[in-house]
Amino acid sequence: MTTPPPQQPAPNPYSGAPVPPNPYAGAAAQQPNPYTQQPAGQPGQPPAAHPGQPGQPGQPGQPPVGYPTNPGAGYPPQPATGFPTQQGGPGALPHDPAYAPPYGHAPAPGCRNCGAPEAANFAVRAHVGVLILMRFHTLNGPFCRQCGRALVRIMTTKTLCQGWWGPLSLVIFTPFTLLWNLIASIKFGKLPNPTPAPGRQPLEEGPPVHARPLAYVAIIPLLWFTWVLVNIYLDATGRR
């Protein structure tokens, strides 16, 4: 019995067709890589080192390749590395008043009212107490001699008139405020006569505290407080 010959597969009509050349293969192989500075597609060659020579793009403090150094009109140039910082370090902003921190500098010395350089940095206080309600007023310095003494007289008169009408105010807060203003008056009184800034005037001192009628309103609560103390003493000693 004769064995039939094995069947041959049908010929592929496309196997013998020539493969058209790739028109982009040569261009891609020769196109330079902007990050390695070597032609892409060259096997066996290591990529070039990072372009970090001093003064060249890629060095810290220098913009990288393709980085826009001028973002546009009206915008300051941004640093190339890191986030913008106020002072020092990578990406530090330039020394420009626009970049000054809001609380980075102490205010210039001088009276806050008239601008006189002869000033003392001391606060003036006032206190208002009505039953259980209390209010505290504070004017922070610096003040010159004339402005400071004027404010001391105004705030002390206000305290003498309105600071005695509550138990805590009568015993604690009003005496403390009056003592504080006495120290402030002594400090301001030691200053020389002020020289106000151009176009500014110091406050008028006005009459002293003892020449102001509202200051004598304090006599009423002080008499009442004295009467209470006397009664407590008489009850404690049994002299009633």
Side-chain angles (χ1 to χ4, degrees), residues 101-240:
Y103 306 105
H105 304 283
C111 178
R112 60 178 294 185
N113 180 70
C114 67
E118 308 89 356
N121 191 7
F122 202 79
V124 184
R125 299 178 183 273
H127 176 72
V128 178
V130 180
L131 298 179
I132 61 173
L133 301 178
M134 293 179 291
R135 179 176 296 176
F136 302 86
H137 302 273
T138 303
L139 295 177
N140 295 316
F143 297 111
C144 66
R145 173 190 175 94
Q146 190 168 338
C147 294
R149 287 163 62 93
L151 292 174
V152 165
R153 294 178 179 183
I154 294 173
M155 303 287 272
T156 301
T157 304
K158 182 181 182 67
T159 303
L160 287 173
C161 179
Q162 303 176 359
W164 304 98
W165 309 107
L168 293 178
S169 300
L170 178 66
V171 177
I172 301 176
F173 296 113
T174 295
F176 168 78
T177 304
L178 295 176
L179 179 62
W180 181 280
N181 286 348
L182 178 62
I183 298 174
S185 179
I186 296 174
K187 283 182 173 290
F188 295 135
K190 294 180 179 179
L191 296 174
N193 291 328
T195 306
R200 301 170 68 177
Q201 294 294 329
L203 298 175
E204 294 290 338
E205 292 189 19
V209 175
H210 63 80
R212 303 187 181 205
L214 288 177
Y216 293 96
V217 177
I219 295 177
I220 300 174
L222 287 179
L223 290 177
W224 173 79
F225 185 63
T226 304
W227 178 77
V228 171
L229 291 181
V230 170
N231 286 326
I232 292 175
Y233 173 75
L234 295 177
D235 291 340
T237 58
R239 296 184 181 182
R240 271 191 160 181

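Predicted model only: the values in this text are computed from it and were never measured. For this chain, numbers begin at 1 and follow the sequence in order.
Rounded to the nearest 0.5 Å, atoms CG (L214) and CD1 (I154) are 12.0 Å apart.
Within the structure, ring pair (Phe, Tyr, Trp, His ring centres under 6.0 Å) pairs that include any residue of residues 183-204 do not occur (at least two apart or interchain). Counting only residues at least two apart or in different chains, side chain to side chain donor-acceptor pair (under 3.5 Å) contacts with residues 209-221 are absent. Each salt bridge (charged side-chain N to carboxylate O under 4.0 Å, His left out) pair with one or both residues in residues 120-148, not counting sequence neighbours, would appear here, but there are none. A side chain to side chain donor-acceptor pair (under 3.5 Å) check over residues 178-187, counting only residues at least two apart or in different chains, returns the pairs T156-N181.
For the pair A119 and P142, the tightest heavy-atom approach, listed with the atom from each and the gap, is CB-CB, 3.9 Å. When all heavy atoms of R153 and P207 are compared, the pair lying nearest together is CD-O, 3.6 Å. In this structure, P175 and S169 approach most closely via the heavy-atom pair CD-O, 3.6 Å. Of all the heavy atoms in L203 and C147, the pair that sits closest is N-SG, 3.4 Å. Closest approach of T159 to T174, counting heavy atoms only: CG2-CG2, 3.8 Å. Looking at every heavy atom in both residues, P213 comes nearest to A211 through CD-O, 3.8 Å.
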**Request:** Start with the C-alpha distance between V152 and F122, add both sets of side-chain angles, then the distance that settles side chain to side chain contact (heavy atoms under 4.5 Å, CB included), and finish with yes or no.
**Result:** CA-CA 11 Å; V152 165; F122 202 79; over 6 Å; no

**Message:** Pair L133, L131 - check side chain to side chain contact (heavy atoms under 4.5 Å, CB included), show working.
**Reply:** CA-CA 6 Å; L133 301 178; L131 298 179; 5.9 Å; no

**Message:** Is there a side chain to side chain contact (heavy atoms under 4.5 Å, CB included) between I220 and W224? Walk through the geometry before answering.
**Reply:** CA-CA 6 Å; I220 300 174; W224 173 79; 5.9 Å; no

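Judged by distance alone, the side chain of W164 and the main-chain N or O of L160 form a donor-acceptor pair under 3.5 Å. No side-chain donor-acceptor contact under 3.5 Å links E118 to the backbone of P194.
Listed by chain and number, the residues in a salt bridge (charged side-chain N to carboxylate O under 4.0 Å, His left out) with R149 are E205 (sequence neighbours excluded). Every residue meeting the ring pair (Phe, Tyr, Trp, His ring centres under 6.0 Å) condition with F173, not counting sequence neighbours, appears here in chain and number order: H127, F136.
Other residues, nucleotides and ligands contribute at most 12 non-hydrogen atoms within 6.0 Å of the CD1 atom of I132.
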